Every structure is written in C-alpha cells, then in structure tokens.
There are 2 protein chains.
Amino acid sequence: MKFIARNRSIILYGVSLAILLLTMKWLEWRIVVIDHAFELYAGVVAILFTLLGIWLANKLTRPKTNTVVIEKQVLVRTKDFVLNEVELARLSLSKRELEVLQSMADGLSNQQIAERLFLSLNTIKTHSSKVFEKLEVQRRTQAVEKARQLNIIP
Amino acid sequence: MKFIARNRSIILYGVSLAILLLTMKWLEWRIVVIDHAFELYAGVVAILFTLLGIWLANKLTRPKTNTVVIEKQVLVRTKDFVLNEVELARLSLSKRELEVLQSMADGLSNQQIAERLFLSLNTIKTHSSKVFEKLEVQRRTQAVEKARQLNIIP
DNA sequence: TTCTTCCTCATACTTTAGGATGATTTTAAT
DNA sequence: ATTAAAATCATCCTAAAGTATGAGGAAGAA
C-alpha cells in the first residue's frame, strides 16, 4: 500500500491524536462532557488547523524540484564537403595539378584525363607525378585516398 | 525581500490571526483573563498546529523530479556510413572480392593487398578482375569511386 | 554423391601507370 | 627586364595493373 507508506507520519500523528482523545474520554467519561468541552474543542481546533497548515504549505510553498540533467548526445554530421584550404595551400598544388587530381578521383585514366583537359598523355603523366610527389604517395589510388582524408577533394 | 514575497500568504495569515487576537484582547481586556483563557489557548493551539501542519507538509511531500534533457552536440567528421546491403547483395560480390575492393579503396597496390591477405599477386589480380566485371568498370579507381557512390564501402 | 560456387594460383600477354630527365613556352611577380 | 614558377610536351625505361584462360581444391547445396 503505497498510500500508507507515503503518509505514514501523518497517519501516525492522526492515530496518536485519536488515541490520546479516546484515552481522555475513557478516563474522564463519567465527568460531564461540558467540563471537558475544552479538551474536545482544543483537539478539533488542533486537527483543523493542522489540516489548514498542510493545505497552506501545499498551496503556497513552491514545489520542490529536483532538477536532473541528462546529457543526450546528438550526432551532427559535418557538411558533405568543406574544402580544407589550409591543407590545400600547404601542399601548394598548382591549378592543373589539382584538376588532374580531381579527375583521378573520378576514376579516369591518364588518357581520359588528357582528353578531358585537351592535353597530351605525357603532360598528364608529368602533372600526376608532381601530385604524387607533393602528396608523398606512389600511386593514384593512394593520392585520391589521401586527398579525401585531407578534405581537398569531395 | 524574497522571503516576504515567498511566504506572503503565510505571513498574512499569521498577522490576521494576531490582529484578531489583539482585537479580542482590546474588546474584552477588562474581563478577567481567566474567563478568556480558553480563547487564548485555542489561538496558541491553532498557531502551533498550523505550524506543525506546514512542517509536516514540507517534510512529507516528495520533491518532484524535474528532468531536463540537454542535447549535447557531438560533431562527427566521418559521414555516417550505412552499408547499402541491397546493392551489395545485388552485386553478389564474394567475401574475398569485397576484401580486395576495400583494400583497393585504401590505396594499396595489388602486391600490398596480396601481402595483407596472405595471397599471391595473381590471386589478387583474379579477384580484382572479377570485381571490375561485377562493378562494370575497367580500373581500380573507377571501382572505388563506384563502390563509394553505391555505399558498399565507407 | 554430384554439382556449383568460391577460392586459389599460374602463365602469357597487353595496357596503363609511374619515374627520370630535359626542353620550350607561358605566366606572374619583382 | 629579369627571374621564378607553372605549364606543356617528349623520350626512354620500369613497374604495376589489367585481360584471358586454365586448373585444382574446398565448401556447401541439391
């Protein structure tokens, strides 16, 4: 019985008061009620004003609030691609070299890149070699992987 | 004075009671105190039990737990990768082929993949050829690009 | 068991990529 | 005008990648 557990003290108080009054009644029952109207009245007043106090407290005191703060982690994924201009500047890739790098990332062969940029195959080879040099890699796949990690290509 | 603001009603109640008693006193001061001991006693009892009621209420009301959820933003730089199992199943890539594809995405050469997977170079070539076939591409860079677009590798 | 798929490896060959080097031209800055 | 960096292209050579084909073994399903 949750009600009993919660209001144990109140109930005990009430019961005690009742017992007290009953005891008084039992002890002095033979004496005229009027003689003891005072005690009865006092008991009633006590009970009423106790209830009034409880009502007052509940009505007027601000509710006790135990603020429990729960931190909920919200994953916010970064925008799809933010160019890392710092790294791009640090690598000092020329415009052409970057174009070649982007084309490599698209999966194009050197020949296809040459056609796309209207250049000779040999020029593409030269550019790609420079790119590998600056990115400190050996193969185009590594170059693309590293460029992606550094956020210099989408 | 915050205290006054908070307990305004209680104070008013007390003051009213005091005024009432004082009025009674003033009106009937000339009558013997004993004749009116009853009213005084009742007033004292009322005040005491009102205070008792307030104390009881404050002691026994359980604090309301106010749960406040604070959303803490956590930046995740890696785009959340959700494996496209549908595409993966559609392509019917075998376990080995997928491993080779992932290694290619890491920028490894066939020789390095062979060493990583404890296989021969020729085996890697066979697997990669099958991968290109299933992905309908010609080069490893294209394979990685397409696999990324299909969300079958991070 | 038989059949299929996957995995493994090999050989032979072609294509592409990459390295090294040098030359010419353009562009931009001093 | 001079200088430096960037861009273009070439040749020669090696390494790596990719294609085609075959073949044997292992694992799982019918």
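The structure presented is a predicted model; accordingly, all values stated were derived computationally and were not measured. In what follows, chains carry the letters A, B, and so on, assigned in the order in which the sequence lines appear, proteins first and then strands, with residues in each chain numbered from 1.
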(request) Output the residues of residues 93-112 of chain B in contact with DNA chain C, where contact means a heavy atom of the residue under 4.0 Å from an atom of the strand; sort by number or write none. (result) B/S94, B/K95, B/R96
(request) Flag the pair A/L108 / A/E115 as yes when at least one side-chain heavy-atom distance between them is below 4.5 Å, and no otherwise. (result) no
(request) Kindly give the heavy-atom pair with the smallest separation between B/M104 and B/I113, and that separation in Å. (result) CG-CD1, 3.7 Å
(message) I need the residues from residues 133-154 of chain B with at least one non-hydrogen atom less than 4.0 Å from DNA chain C; give them sorted by number, or say none.
(response) B/R139
(request) Take atom NZ of A/K130 and atom C1' of D/dT8, then tell me their distance rounded to the nearest Å. (result) 13 Å
(request) Write down the atom of B/I153, the atom of B/A105, and the distance for their closest heavy-atom approach. (result) CD1-CB, 3.6 Å
(request) Apply side chain to side chain donor-acceptor pair (under 3.5 Å) to B/Q142 and list each qualifying residue two or more places apart in sequence or on a separate chain. (result) none
(message) Between the opening five pairs and the closing five pairs of the helix from C/dT1-D/dA30 to C/dT30-D/dA1, how far apart are the helix axes, to 10°?
(response) 50°
(request) State, with a plain yes or no, whether a side-chain heavy atom of A/L119 is found less than 4.5 Å away from one of A/V100. (result) no
(request) Would you check if B/R140 and B/N110 make a side-chain contact, meaning some heavy-atom pair closer than 4.5 Å? (result) yes
(request) Drop me the distance from A/S103's OG to A/L98's CG, to the nearest 0.5 angstrom. (result) 9.5 Å
(message) At a heavy-atom distance below 4.0 Å, what parts of residues 121-128 of chain A sit against DNA chain C?
(response) A/K125
(request) Could I get the full list of side chain to side chain donor-acceptor pair (under 3.5 Å) partners for B/K130, not counting sequence neighbours? (result) none
(message) If you assign B/S92 and B/F118 each to the DNA chain C nucleotide with the nearest heavy atom, which residue ends up on the more 5' nucleotide?
(response) B/S92
(message) Would you compute the distance between atom OG of A/S109 and atom CG of A/L121 and round it to the nearest 0.5 angstrom?
(response) 8.5 Å
(message) Is any side-chain heavy atom of A/E99 closer than 4.5 Å to one of A/H127?
(response) no
(request) Decide yes or no for B/L93 and B/I152: does some side-chain heavy atom of the first lie under 4.5 Å from some side-chain heavy atom of the second? (result) yes
(message) With heavy-atom distances below 4.5 Å as the criterion, would you say the side chains of B/V144 and A/V144 are in contact?
(response) no
(message) Less than 4.0 angstrom between a side-chain N/O of A/S129 and OP1 or OP2 of C/dG19, yes or no?
(response) yes
(message) Salt bridge check, B/R148 against B/E145: does any charged N sit closer than 4.0 Å to a carboxylate O?
(response) no
(request) Give the rounded distance in Å between these two atoms: CZ of B/F132 and P of C/dT14. (result) 20 Å
